[in-house]
Amino acid sequence: MKQLFILLCLACSSFTSAAGVFNVRDYGAKGDGKTLDSPAINAAIEEAVKEGGGQVLLPAGTYLSGSIRLKSNIDLHLSAGCIILAADPKDFPKEQRGSLYDESESFGGFPEYQDGGHTYFHNSLIWAEGQTNVSITGHGMIDGKGLTKKDTEKSGQLQGGSIGTGDKAIALKLCRQVTIRDITIYRGGHFAIIMTGCDLSTVDNVTIDTNRDGFDIDCCKYMTITNCKINTPHDDALVLKSSYALKKPVVCEHIAISNCVITGYKLGTLLDGTYEPEPVNWVCGRFKLGTESNGGYRNIALTNCTFMYSSGLAFEEVDQGAMENIVVSNITMSHVHHYPIYITTGCRNRGPKEVTHRSSARDIQISNVVADDCDSLCSIIVTGMKDEPIRNVWLSNIRLQFNGGGAKELVNKDYREQGTNYPEPKFAGQTPAYGLYARHVVGLHVNDVTFSYERPDYRPAIVLDDVKDAILNNIDAPTEEGVQQVVKF
């Protein structure tokens, strides 16, 4: 009798653990890498929705897939050994290509102030819009082999002419209570992950090794990103934006990022462990606010992160929003391309013409930063606008080692005003200072900062141009004979 009771208990336990689990194999998925499995995956999702939600389980195997439509109360679980392989339309007959990925949705004739990648979501490998309590979890992989990394999205049209191409690995719009945890994304298309207008979200322990943007966070709030590894050799790694994708300016706010690793190694070499450096043409492995910045940024924290072969930190407000209450601390960087820290405002004003207020930035605090092998192109840059200066910037406990090699005459260079230009220092050329260049700033606090260079640099360590209320304490920065440490215009 006792043994029968135990068996009954075990049977009940087994039944309970299986309740709410929808195995895609039961809906016809093969997982053989040849059969198109997205219809079966979507069928499992729809069945789970009918039952009130649950876990849609992908066991080990390779699931060739077009668009997967994630719904409320669904956990799409990628088991260890599972690969969702993005289908390549070129591998299918012409008559089937258009049905692989969903058509991009209509934008209703509203002006598209941002590119197609930020505007359209349905033409993605995994997408959801207006859903609640959705998650993508597990130690499996998404391989976006068949996705395009080009910005080819058009309203209600297929990409690439007659080929219906998928654009992004994961695209979520206007969703709440989102969790993405433990997965790996390889070759993620235009964006490995884009989340727009999403609230109350958690992204944890995600690894991305991709050929364009890693993770874009647009118009979102109340989000934590932790323990992620993001490798992007050809574009930005982790980006906060506030575009007009929701047809109005929306602040990106209350975002906490910690314990992440950002790199710019050659595609695939983060995953295979060879960590091969890649020559830089544009940017790579960068953390950025911008460039889309209509709604602005507020209450953003970045802490305890490491960068390798990256383009550093960029904070850009150029589309009439406000950037305020930004805190960065405990950052290490090695082999920094172009610049270590870049803070700027401008008047590109990509948005409705009737909006007339200026971009602004204030209350930005960056501390405990160590970086080596910094490009001689640019120092730290803090540049506002003459009629709207950046206000209240703290730079403290920072140690930067530059390559050096700057010429003496650069101190008098007419450095480009940001104006309507695209905010990228590469186009402005070398800065007048090798350590810190600031212009149009009110309230600049620089404390306990050490600059050094590997080869002689004949620029001043610090140049301040139209900077008011500047406080410089404990500056350790060598200069060549006859060169001032600090120059003020």
Side-chain angles (χ1 to χ4, degrees), residues 261-263 285-287 301-315 326-344 363-383 390 392-408 410-411 413 415 425 430-439 441 443-465 467 469-489:
V261 176
I262 290 174
T263 58
R286 178 169 60 177
F287 174 81
L302 174 74
T303 187
N304 297 345
C305 294
T306 68
F307 294 72
M308 180 70 73
Y309 290 102
S310 80
S311 296
L313 309 170
F315 307 90
I326 313 297
V327 176
V328 178
S329 64
N330 299 351
I331 304 296
T332 66
M333 296 188 280
S334 286
H335 310 297
V336 181
H337 299 295
H338 299 162
Y339 53 81
I341 299 170
Y342 177 43
I343 305 170
T344 195
D363 301 329
I364 299 171
Q365 180 172 302
I366 301 175
S367 63
N368 299 342
V369 178
V370 176
D372 62 38
D373 191 21
C374 295
D375 199 323
S376 59
L377 176 71
C378 299
S379 60
I380 296 174
I381 302 173
V382 184
T383 53
I390 293 176
N392 304 331
V393 175
W394 291 265
L395 303 172
S396 60
N397 205 23
I398 295 174
R399 307 289 184 267
L400 304 180
Q401 179 256 313
F402 293 90
N403 292 331
K408 188 173 184 178
L410 285 169
V411 67
K413 175 180 177 178
Y415 193 75
Q430 288 185 290
T431 47
Y434 81 82
L436 167 64
Y437 176 66
R439 182 177 59 199
V441 181
L444 177 64
H445 308 264
V446 184
N447 300 292
D448 298 316
V449 170
T450 298
F451 300 138
S452 63
Y453 44 71
E454 286 294 299
R455 52 195 174 102
D457 199 307
Y458 295 91
R459 294 173 290 181
I462 298 173
V463 171
L464 306 180
D465 184 358
V467 176
D469 301 331
I471 299 175
L472 309 180
N473 287 322
N474 297 330
I475 308 299
D476 180 4
T479 54
E480 296 301 304
E481 185 176 352
V483 178
Q484 293 178 259
Q485 185 187 61
V486 180
V487 172
K488 298 180 181 180
F489 292 103

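- A pairwise comparison of heavy atoms in V467 and A438 identifies CG2-O, 3.5 Å as the closest pair.
- P425 is listed as a side-chain neighbour of Y342, based on a closest heavy-atom distance under 4.5 Å.
- To the nearest 0.5 Å, atoms CG (D373) and CG (N403) are separated by 4.5 Å.
- Of the possible donor and acceptor atoms, one in the side chain of D457 sits under 3.5 Å from a partner among the backbone N and O of G406.
- For the side-chain contact (heavy atoms from CB on, under 4.5 Å) criterion with F315, the lone passing option out of T344, V382, I366, I390 is I366.
- No side-chain donor-acceptor contact under 3.5 Å links N397 and D448.
- Each of V336, L313, V369, T332 was checked for a side-chain contact (heavy atoms from CB on, under 4.5 Å) with F307, and the lone residue meeting it is L313.
- A donor atom on one side chain and an acceptor atom on the other are found under 3.5 Å apart for S329 and T303.
- Atom NE2 of residue H445 and atom CG of residue N473 lie 10.5 Å apart, to the nearest 0.5 angstrom.
- Here CG of N447 is found 7.0 Å from CD1 of I475. Values are rounded to the nearest 0.5 Å.
- Atoms CD and SG, from E454 and C374 in turn, are 10.5 Å apart once rounded to the nearest 0.5 Å.
- Between Y415 and Y437, the ring center distance clears the sub-6.0 Å criterion.
- Aromatic ring orientation, H335 versus Y309: parallel (interplanar angle below 30°, classes split at 30° and 60°).
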Can you list, pair by pair, the side-chain donor-acceptor contacts under 3.5 Å of residues 482-489, counting residues two or more places apart and other chains?
residue, atom, partner, partner atom, Å
Q485, NE2, A477, O, 3.0

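- Taking OG1 of T306 as the start and CG of N330 as the end, the distance is 12.0 Å to the nearest 0.5 Å.
- Contact between P460 and P432 at its shortest, heavy atoms only, is CD-O, 3.5 Å.
- Taking both residues in full, the closest heavy atoms of S379 and L436 are given as CB-N, 3.4 Å, listed atom of the first, atom of the second, then distance.
- Counting all heavy atoms, side chain and backbone alike, P340 lies closest to C378 at CD-O, 3.9 Å.
- Shown here for I262 and R286, the closest heavy-atom pair between the two residues is CG2-N, 4.2 Å.
- Considering F402, Y434, Y458 in turn, Y434 is the only one that fulfils the ring-ring contact (aromatic ring centres under 6.0 Å, His included) rule with Y453.
- Note that CD1 of I364 is 5.0 Å distant from CD1 of I343, once rounded to the nearest 0.5 Å.
- Between R459 and L377 the shortest heavy-atom distance is NH1-O, 3.9 Å.
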